[in-house]
Every structure is written in C-alpha cells, then in structure tokens.
Protein chains: 2
Amino acid sequence: MTEPQGFASESERVTRQLRDEILDGLRAPGSRLVERELAGELGVSRIPVRDALRQLVTEGLVTPRPRSWAIVREFTAADVADLHEVRAAFERLAFRLAVERRTREGLQLLRGTVDAELRAARACDAVAARRAAADFHEVVTAMAANELLNELQRTIRSRMRWLLAQHDDLVGIAREHEALYDAIADRDAERVDALVEGHLTLGYSHSWDA
Amino acid sequence: MTEPQGFASESERVTRQLRDEILDGLRAPGSRLVERELAGELGVSRIPVRDALRQLVTEGLVTPRPRSWAIVREFTAADVADLHEVRAAFERLAFRLAVERRTREGLQLLRGTVDAELRAARACDAVAARRAAADFHEVVTAMAANELLNELQRTIRSRMRWLLAQHDDLVGIAREHEALYDAIADRDAERVDALVEGHLTLGYSHSWDA
DNA sequence: CGTGCGATGCTGGTATACCGAATCGGCCGA
DNA sequence: TCGGCCGATTCGGTATACCAGCATCGCACG
C-alpha cells in the first residue's frame, strides 16, 4: 500500500516529508511554516516548498494566511465534526459501490490489510495497525472503482490519518474491519450498510471522548 | 453569489480566465496547455500560469501529463457516471444538513436564487438560469454549515458547471428547485429526501443535473 | 527502402533575484 | 505612561535563467 516512491520530484519529496512531520506531531499545530526557512532546512529552493505547502493546504493540514506565513492547522471540534459527516457520506458510497464492484484481486488485497491490522492490533503495534486500517479504507475506495471518489479520498486522506490517530481501540476497529470484509466477500449489501453505520457511530463517539 | 473578486493575484486571474475559457468551450478538450505559450498569450510569467494549471488540475478541468504538456480534459462517459455518483452522495448530505441548520438569511438567499432561476428559465435565458441553478446548490451547501463539505464542493464546482451545461430542461429544473426550497423551508426532511432522490434519478435517466 | 540511432529542440522542474505589501518594533509626542 | 506614527524587516508573489529528461525528426547504414 505504501506507494512505491521510486521516482519523485523535489516537490513530492518535500510534500511527503512535511506531511509526515505534521502527522507525526513533529510540527506542532499553529507553528509557522515559512517558505524561506523550510527551503533552508530542507536544502531546496522555495519553489518545491511552495508547491508542497499548496498541496498540504488542499489536504487540509496547513492553513494559509493571506499575505503572511502559513501555519500547521489546528483542528477544532467543529472541524472534527465536519470531517465525520463527510467521511460518513464517503464511506457509505464507497462501501456500497465496493460491494457491487468487488473483484477477486480486490478482495485478496482487502483480506491482506485485515490480517495485517489484526496482527498489529493484537501485538499493540499502533503505528502498523493504523497504517493497515488506513490501507483497508483505501482498498475499499479503490474497489469502488470511481475515479472521482478516489481523487477526493486522496485529498482527505491526510485528515483521515489524523482522525485515526485520535483514538486507540485498535483491536475493536480491526474486528469491525474483519466483519466488513466478510460482508463484502458475501456480497451482503444490507449487512455492509448496517456495519458501516455502526462503524461510523463508533468512530464518532470515540472521537468525542478524546 | 458571484464572489467579489475585488482583489486577486495574477495566479487567480489567470486561473479564472483559463477556467472560463475551458468551460465556455473556447479551449477544446484535448488541446495543449503549454506553460510558456500561455504565459506569452496572457502577458505574465510562467509562475502564475503554473499555479493556475495546478489549480485547474485539482478542479478536474485539466489533465496533467508527466514530463509533457497538460491538456484540456476530455470527459468520458465513465467520468460523467462517476461524477453523478459522487454528486448524489454530496447532495444527500448537503440537503439533509441544510434542513437541520437552515437559517432565515439562508432561506432568503435561497428563495432569491429560485426566483432568479424561474425568471431566467421562463425567459429562456439559459446562461442566467444555469448560473442561478448553480447558485441554488451553492447556497444549500453553504447552509449545510460544514466547512469540509463546502471545500470539497468548491473543488468539484467546475465539473458541476460543466455537467450543468450538458442539458437544457431549464424550467423543469427550476420547478424542482422550487419544490426543494419549499420542503426545506417547511423543515420537512422526508419530503426533501424524496425530492432529492427523485431529482437524482430523474437527472440521471434522461438529462443531467438537478 | 526500411530501420536504428543520435542530435536537437521542446517542456516542465528548479534555482536565484527583485518587488510590493503587511507586519512589528521603536520612537516621539501628548 | 500610553497611543499613534513611521521605518526597517519579513514574507509571499512574480520574473528571469538554467537544467535535465523525453520526444521527435533526420540521417546514415544495412
């Protein structure tokens, strides 16, 4: 799932690095992101940094400030609520389409992410479990075979990762993913719908706790 | 609704101009978009053109080609189908939230767009009717009071405009919008749901948009 | 006459330099 | 002491210049 970054332009490398630094908490929410500073730190010119910042703005990880520097986004409770609402709509669509359009290859990939997630969750490897959980949703979205849906999913992927890092019932989530996999494999649309609804509610209540 | 473009950077101006030229059909699908050429035509340097192209790529109006020039997007039947699916999910969410969170000011704005659309449609002013129809959906999305939803809506707005230009039952659409307005004003969630569903199915079967 | 290969030009990617606006600090006056 | 003004500095926006990869076209050779 971790895409083969074999080739990448400077812009992509800078984007990836800044994104990871933000999501890993190395750059605190609210901290300044100044093009010249970052260019100096990373040893590149301002252009790749500029491109990266724009990309991260569209991903919602960076807040641009007109005619001033950008800052690492500070998520508010309202942001989280908004994200949950949109995510729910996305996943309902993604799972519905995935059930219709599932392929043998897709199911195998999905099974792999579920297994990896269960293993990691039981081993209390939070990083691997969250990565596998994110992979699960990406594979489902891919199975939905809707280019636009996948495109929009990519733009909110970072925010999803952020959301996923906010709670920690790893085994529970993995079990739900396993149940979802079974329902998709059985082509049981109604069971998938029910599980998705439950899944969304779970994520919603948990994030309110945090 | 036409945002007050009082101030704008070169990048934004170039973006707006290219976007309009594409949507108005002045730039045919598949035609080349070369940074240096556009810079020369528009009398600016490559940077604003570069920014504009990237923006239009995220809006889905331009197809980037790695290490080669970009082209004006050619929409396929699959693209249209994808757009309809995503749009349906968006609108279900937007209308549901709009019913819950409607405000007096929002309703007044919405009423204005419906009236404008009906007037324009009856006068066979297609341009004004389509603009009003687009405004209707934007006001609904705004009333949904979900920042992320509005953000994603902005990125697919151009594609919606394209879709809207593909059919011509202007009066019918205006009437459906009026019915939707009434249901929202009555806070009748079920009627809104039913209208949205009918709207989407109808739009899909014989003509596009809602 | 066909095919393979190399040179050349086109294109986006990147670096550097300049500019105008916005900000923030200090200073002066009330 | 506080408030307003003004200048130095900071910052993103833009322009120009250079670079490396790819594609095409033409030429030479089989």
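Worth saying up front: this structure is predicted, and the values here are computed from it rather than measured. Just so we're on the same page: letters track the sequence lines, and every chain starts at 1.
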Between protein and nucleotides 16-26 of chain C, map the contacts as a letter string: B base, S sugar-phosphate only, - none, heavy atoms under 4.0 Å, written 5' to 3'. BBB--SS----
At under 4.0 Å between heavy atoms, what does B/Leu33 touch on the DNA or RNA strands: base, sugar-phosphate, or nothing? sugar-phosphate
Whole-Å distance, B/Arg50 CZ to D/dG12 C1', equals 16 Å
Can you measure B/Glu12 atom CD to D/dG13 atom C1' for me and round it to whole angstrom units? 11 Å
SB check B/Arg36 B/Glu41 (cutoff 4.0 Å): no
Between C/dT14 (P) and A/Glu35 (CD): distance, integer Å: 14 Å
Pair A/Ser9, A/Glu12: side-chain N/O donor-acceptor within cut-off below 3.5 Å: yes
To the nearest Å, give me how far apart CG (A/Asp51) and P (C/dG12) are. 14 Å
Quick one: which of A/Arg131, A/Arg161, A/Arg27, A/Arg13 gives a salt bridge (charged side-chain N to carboxylate O under 4.0 Å, His left out) with A/Asp20? A/Arg161
For the residue pair A/Phe95 and A/Phe136, categorise the inter-ring angle as parallel (less than 30°), tilted (30 to 60°) or perpendicular (more than 60°). tilted
Are any side-chain N or O atoms of A/Arg46 and backbone N or O atoms of A/Glu35, one a donor and one an acceptor, separated by less than 3.5 Å? no
Examine distances only and state if a side-chain atom of B/Arg159 and a backbone atom of B/Glu59 form a donor-acceptor pair shorter than 3.5 Å. yes
